[in-house]
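First the proteins, then the strands, lettered A, B, ... as listed; each starts at 1. Side chains included, hydrogens not; waters and symmetry mates left out as well; all remaining heavy atoms used.
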There are 2 protein chains.
Amino acid sequence: MVGLKVSDVGIRVEDYLTTIYRLQEVYGHAKTTNISRELNVRPATVSKVINYLKRKGLVDRVKYRGVTLTGKGREVAEEVVRRHRIAETFLAVFLGFDIYEAHLYAHHFEHLPKEVIERIYERMSRPTTCPHGNYIPGVMAGATVGVKLTEVDEGRQYVVVRIAGELIKPLKMLRGLALNSLIRVVERTPFYTVVELGSGELVELPSDVAETVYVSNVRSD
Amino acid sequence: MVGLKVSDVGIRVEDYLTTIYRLQEVYGHAKTTNISRELNVRPATVSKVINYLKRKGLVDRVKYRGVTLTGKGREVAEEVVRRHRIAETFLAVFLGFDIYEAHLYAHHFEHLPKEVIERIYERMSRPTTCPHGNYIPGVMAGATVGVKLTEVDEGRQYVVVRIAGELIKPLKMLRGLALNSLIRVVERTPFYTVVELGSGELVELPSDVAETVYVSNVRSD
DNA sequence: AATTAAATTTAGATATGTCTACTATTAAAA
DNA sequence: TTTTAATAGTAGACATATCTAAATTTAATT
């Protein structure tokens with residue numbers, strides 16, 4: 001629909017758009033079930049809302065395959081993701097929540113007035129990334145850092161530099177794993193990756209989880 | 001309805017309950033038109049929602065006269081008002097908004113998770129009142145301070161100690177008037193009160209506005 | 001390739017919250 | 001006190017957002 005203003009997009013619709021945005025960051029597109037899991041609603045509901053989003057020109061859809069954002073949809077989503085990530089920074093840095101809690105609570109900040117978010121942004125000294133290492137839209141894109149955990153060597157140690165997309169399943173499995181944690185890749189197959197955390201704990205990450213984790217080599221200087 | 005949990009109350013319903021709460025603080029009860037103005041919806045909508053609130057046991061109603069909160073309704077409202085007033089403090093003290101902006105924006109904080117609000121409360125050093133001088137529910141009630149502007153002497157100077165209810169009309173008319181401002185009561189009739197602000201500006205306040213403003217004598221020590 | 005399982009979509013029901021247009025009641029004015 | 005104006009309420013329509021149950025399509029397994 002022509003002339004649609006961002007403010008005309010309902011808040012729940014914004015939730016769907018940002019979820020699709022975050023899924024696209026990781027998988028390139030969003031499938032009904034994934035959206036359903038992220039938003040904790042039934043697939044049938046997602047399907048119905050996607051129809052609505054398509055009518056509004058916010059997403060493209062290939063039936064039974066998945067959706068991607070249109071330019072307009074991305075525009076709305078980036079606004080909201082910016083708010084989310086600024087809020088996460090505030091929650092982690094100023095209020096002292098861990099990054100999992102910060103993510104959960106940040107959701108509720110996504111629909112605060114722009115003026116408030118931008119004031120918080122200033123007070124937090126204009127961060128460029130959130131506590132998960134993802135860029136805060138609105139600043140220069142910057143180069144992508146790190147390599148996916150699904151593409152590194154077995155047996156070596158790495159630093160976690162980013163948890164892309166901030167999807168619920170990875171975030172839950174990686175609870176307590178902060179940015180800049182050291183991990184060792186114990187085993188890597190096409191289906192899963194086993195990592196050893198700083199605590200010595202071994203975690204087996206399915207590929208869909210492992211590919212959201214970006215790491216860098218440990219510099220020994 | 002028995003067993004109703006606070007979390008079961010929709011956010012819009014919470015808005016109605018807090019509006020009624022704030023109107024009760026000032027006028028003792030809430031009338032359809034007042035609620036309508038505060039929430040910026042049509043009276044017909046208010047009427048319909050009030051039916052709903054009554055069905056849920058959250059308000060008492062005398063048809064064509066007005067509504068008051070039940071114990072349960074008050075409980076929900078106080079929770080939300082607490083959040084609102086903590087948020088106002090944060091917005092004014094930490095982010096530097098004036099008290100009118102703080103009020104407007106605080107609305108959007110009312111539905112943030114309890115954990116976040118309470119963490120902000122701690123970081124703000126557990127304030128007992130908001131920037132409008134109203135008590136933050138949850139702490140001890142404390143004695144009411146000040147006297148209504150509709151009950152003071154003409155010609156004398158007073159300090160503003162509270163703007164009760166934080167209703168939209170008084171807040172708009174008194175924009176820029178912060179707590180602890182000095183004002184002089186120029187003229188007082190049963191219908192309006194004329195006050196002189198610090199700037200020398202004269203403002204005529206209708207009684208429904210004036211009675212939300214509480215003042216104290218200026219101590220000369 | 002056929003069958004089974006998983007994922008997706010439709011259809012139809014329900015709840016919340018809003019509106020306009022009209023009716024009823026109360027308060028104010030003549 | 002009668003008329004008028006203001007306020008409040010009802011009826012019915014509509015949009016968003018959710019669900020369950022059933023049908024369809026795609027993917028996985030035998």
Worksheet item: Between atom OH in A:Tyr16 and atom P in D:dA17, what is the gap in whole Å?
Response: 8 Å

Practice prompt. Would you mind reading off the distance between B:Leu23 atom CG and D:dT7 atom P, rounded to a whole angstrom?
Written response: 15 Å

Discussion item. Base, sugar-phosphate or nothing for A:Pro43? Non-hydrogen atoms, less than 4.0 Å.
Written reply: base

Worksheet item: What do you reckon, are the aromatic ring centroids of A:Tyr135 and A:Tyr214 less than 6.0 Å apart?
Response: no

Response to the item:
Between CG of B:Leu53 and C1' of C:dT16 the distance, given in whole Å, is 12 Å

Discussion item. Is the positively charged end of A:Arg83 above the ring of A:Phe109, judged by distance under 6.0 angstrom from the centroid and angle within 45° of the axis?
Written reply: no

Worksheet entry | B:Asp208 CG - D:dT7 C1' separation (whole Å) | 15 Å

Discussion item. Taking the nucleotide of DNA chain D with the nearest heavy atom to each, does B:Thr32 or A:Val41 sit closer to the 5' end?
Written reply: B:Thr32

Item to complete: Please work out if B:Thr45 contacts a base, only the sugar-phosphate, or nothing of the nucleic acid, heavy-atom cut-off 4.0 Å.
Response: base

Worksheet item: Atom CG of A:Leu39 and atom C1' of D:dA17: how far apart are they, to the nearest Å?
Response: 12 Å

Worksheet, complete the sentence: For nucleotides 24-30 of chain D, 5' to 3', base contacts (B), sugar-phosphate-only contacts (S) and non-contacts (-) with protein non-hydrogen atoms under 4.0 Å give BSSS---

Item to complete: Indicate, with a heavy-atom threshold strictly under 4.0 Å, whether B:Ser47 touches base, sugar-phosphate, or nothing.
Response: base

Worksheet item: Does a nitrogen or oxygen in the side chain of B:Asn40 sit under 4.0 Å from OP1 or OP2 of C:dT18?
Response: no

Worksheet item: Considering all heavy atoms of both residues, which atom of B:Thr68 and which atom of B:Gln24 are nearest to each other, and what is their separation?
Response: CA-OE1, 3.3 Å

Worksheet item: Is A:Arg119 positioned over the aromatic face of B:Phe97, cation under 6.0 angstrom from the ring centre and no more than 45 degrees off axis?
Response: yes

Worksheet entry | N/O (side chain, B:Asn51) to phosphate O (OP1/OP2, D:dT10) under 4.0 Å | yes

Item to complete: Take the protein atom CD1 of B:Ile35 and the nucleotide atom C1' of D:dG9, then report the distance between them rounded to whole Å.
Response: 13 Å

Item to complete: Would you check if there is a donor-acceptor pair between the side chains of B:Arg22 and B:Asn134 at a distance under 3.5 Å?
Response: no

Worksheet entry | Whole angstrom value for the distance that separates P of D:dT16 from CD1 of A:Ile50 | 16 Å

Worksheet entry | B:Ala44 side chain, from C-beta outward: closest of D:dT16, D:dT10, C:dT9 | D:dT10

Practice prompt. Using only side-chain N and O atoms of A:Arg42, determine if any of them is under 4.0 Å from OP1 or OP2 of D:dT20.
Written response: yes

Practice prompt. Would you kindly give the CZ-to-P distance between A:Arg12 and C:dG17, to the nearest whole Å?
Written response: 15 Å

Discussion item. Whether the side chain of A:Arg162 engages the backbone of A:Gly146 through a donor-acceptor N/O pair (distance < 3.5 Å, no angle test) should be reported.
Written reply: no

Worksheet item: Are a donor atom and an acceptor atom from the side chains of B:His132 and B:Glu88 found within less than 3.5 Å of each other?
Response: yes

Worksheet item: Of B:Arg61 and A:Lys48, whose closest DNA chain D nucleotide lies nearer the 5' terminus?
Response: B:Arg61

Discussion item. Side-chain N or O of B:Tyr52 versus OP1/OP2 of C:dT18: is the shortest distance under 4.0 Å?
Written reply: no

